[in-house]
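So the structure is just underneath, and the comments pick up after that.
Computed over heavy atoms, backbone and side chain alike; hydrogens, waters and symmetry mates excluded. Below, read A as the first sequence line, B as the second, and so on, with proteins coming before strands; counting in each chain starts at 1.
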There are 2 protein chains.
Amino acid sequence: MVEEFPGPLDSAALTALLRRHDIGVTRQRIAVAQVLFERRQHLCAEAVLARARARNARVSRATVYNTLKLFVDHGLLSEVIVDPSRIFFDTEIRPHYHVFDASTGKLADIPAEGIEVKGLPPLPAGTLIDRVDIVIRTRPAPREAGPGAVAGA
Amino acid sequence: MVEEFPGPLDSAALTALLRRHDIGVTRQRIAVAQVLFERRQHLCAEAVLARARARNARVSRATVYNTLKLFVDHGLLSEVIVDPSRIFFDTEIRPHYHVFDASTGKLADIPAEGIEVKGLPPLPAGTLIDRVDIVIRTRPAPREAGPGAVAGA
DNA sequence: TTCCATGCAAAGGGTTTGCACTCTC
DNA sequence: GAGAGTGCAAACCCTTTGCATGGAA
């Protein structure tokens, strides 16, 4: 069901990608997709707008926001909610988790493969699981290995 | 190290609670604490402001935001980042996870006890773990048990 | 008295909205 | 040509800021 990351694509391939996901094709959506699927990455809406315009795409802020939501709804993108100040859009749509460093704003993916969560309690009746998010919140280590936290390998 | 939830407390007990956490005591901080620790709950800043004022506390918005941040920094409260539109403050500070229903805005706690996450990869060197957040994102089930998601018990 | 804390109102920043215009099909 | 999509700018909402006043010790 879930596809591989599309990778850098030309206009024709992006058109096909949108059609395959039942998304109407427009110049702006192609431009946004071009920015996004150039490589695996995490971008916020404002960054997508800036990059699209840096490529001379004629696109408005409202359209970028509309398009990102559309892509999420149609399964081309996933939203990552880790930073209270903005939403990240992640080109990785296969199951995975995140490492987030609030002090640097850096967000990284961890494949879900090999990770197991045991002991989750049953949900209330009448409830479906959309997804399970795991976020490892980190911060840079001080000079030496300090107390109060677990050091990375 | 981590205390039990303080529970509903009178002014004197709240004063002691603040002092124990190295927080200067003021009328406004007592008022905010009174709202928060009345019971285990998840409140956003605006809700705390509204409830404090509903109790005739003379408190400004800025002070509520300052106080909540202070309480978090001193370990009286935890922040929950699950909703892009606001930060929740959780009176539960022992390790635990969350269930969030975006369609209703309902947030619930799950004790960490009994939950095990296996297979997390090593972190980059020079990185410390602050904490690991797990959020189970749910939505209300349609009429009958539908396909495409895992039903609750 | 001294400094930290508070209040006020405005600024800030990401996101959404309303409506007229434009383009895709 | 019809309807979906777009652009613009302002509105929105939570949160933060600057600075003068007020209160705790």
Side-chain angles (χ1 to χ4, degrees), chain A residues 11-12 14-19 21-35 42-53 56-74 76-77 79-89 102 105 107, chain B residues 11-12 14-19 21-35 42-53 56-74 76-77 79-89 102 105 107:
Chain A
S11 212
L14 289 172
T15 297
L17 179 68
L18 298 190
R19 290 232 169 87
H21 286 263
D22 288 313
I23 297 172
V25 177
T26 69
R27 211 176 326 109
Q28 287 83 351
R29 290 173 183 175
I30 295 288
V32 169
Q34 223 146 32
V35 167
H42 303 97
L43 293 175
C44 62
E46 294 294 330
V48 172
L49 178 62
R51 292 202 191 180
R53 286 182 167 171
N56 299 314
R58 193 170 60 69
V59 90
S60 70
R61 166 170 288 103
T63 294
V64 167
Y65 278 90
N66 286 340
T67 300
L68 290 171
K69 175 173 293 184
L70 192 70
F71 284 6
V72 169
D73 290 344
H74 288 252
L76 273 174
L77 274 186
E79 276 183 344
V80 186
I81 299 169
V82 290
D83 183 337
S85 73
R86 64 196 165 180
I87 299 174
F88 283 104
F89 294 89
L107 178 63
Chain B
S11 213
L14 289 171
T15 297
L17 179 69
L18 297 190
R19 289 234 171 87
H21 286 263
D22 290 310
I23 297 172
V25 177
T26 68
R27 212 178 323 110
Q28 287 81 353
R29 290 172 182 175
I30 296 289
V32 168
Q34 224 146 32
V35 167
H42 304 96
L43 292 175
C44 61
E46 294 294 329
V48 172
L49 178 62
R51 292 201 191 180
R53 287 183 166 171
N56 300 313
R58 192 168 62 67
V59 192
S60 70
R61 166 169 289 103
T63 295
V64 167
Y65 278 91
N66 287 340
T67 301
L68 290 170
K69 175 172 294 184
L70 192 70
F71 285 5
V72 169
D73 289 344
H74 288 252
L76 273 174
L77 274 185
E79 275 183 346
V80 186
I81 298 169
V82 291
D83 182 335
S85 73
R86 63 195 168 187
I87 299 173
F88 283 105
F89 294 89
L107 178 63

Within residues 61-73 of chain A, find the residues that approach DNA chain C with a heavy atom at under 4.0 Å, and present them sorted by residue number. A:Arg61, A:Ala62, A:Tyr65, A:Lys69
Of the candidates D:dT6, C:dC8, D:dT15, the side chain of A:Ser60 sits closest to D:dT6
Atom [atom1] in [X], atom [atom2] in [Y]: separation rounded to 0.5 Å?
| X | Y | atom1 | atom2 | result |
| --- | --- | --- | --- | --- |
| A:Arg29 | A:Phe71 | CZ | CZ | 7.5 Å |
| A:Thr63 | A:Leu68 | OG1 | CG | 10.5 Å |
| B:Gln28 | B:Ile30 | CD | CD1 | 10.0 Å |
| A:His21 | A:Leu70 | NE2 | CG | 11.5 Å |
| A:Leu18 | A:His74 | CG | NE2 | 10.0 Å |
| A:Asp83 | A:Leu107 | CG | CG | 9.0 Å |

Any donor-acceptor pair under 3.5 Å from B:Arg61 side chain to B:Leu49 backbone: no
At under 4.0 Å between heavy atoms, what does A:Gln28 touch on the DNA or RNA strands: base, sugar-phosphate, or nothing?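 The answer is sugar-phosphate, as A:Gln28 gets under 4.0 Å only of primed atoms, P, OP1 or OP2.
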How long is the line joining [atom1] of [X] and [atom2] of [N], in whole Å?
| X | N | atom1 | atom2 | answer |
| --- | --- | --- | --- | --- |
| B:Arg29 | C:dC4 | CZ | C1' | 8 Å |
| A:Leu18 | D:dA4 | CG | C1' | 15 Å |
| B:Phe89 | D:dC14 | CZ | P | 13 Å |
| B:Ile87 | C:dG14 | CD1 | C1' | 13 Å |
| B:Leu14 | D:dA24 | CG | C1' | 17 Å |
| A:Phe88 | C:dG14 | CZ | P | 11 Å |
| A:Leu49 | D:dC8 | CG | C1' | 13 Å |
| A:Arg86 | C:dT15 | CZ | P | 9 Å |

List, with names and distances, any nitrogen or oxygen atoms from the protein found under 3.5 Å away from nitrogen or oxygen atoms belonging to nucleotides 20-25 of chain C.
{"residue": "C:dT24", "atom": "O3'", "partner": "A:Val25", "partner atom": "O", "Å": "3.3"}

Does some side-chain heavy atom of A:Glu79 sit less than 4.5 Å from a side-chain heavy atom of A:Phe88? no
Full working for side chain to side chain contact (heavy atoms under 4.5 Å, CB included) between B:Lys69 and B:Phe89: CA-CA 10 Å; B:Lys69 175 172 294 184; B:Phe89 294 89; over 6 Å; no
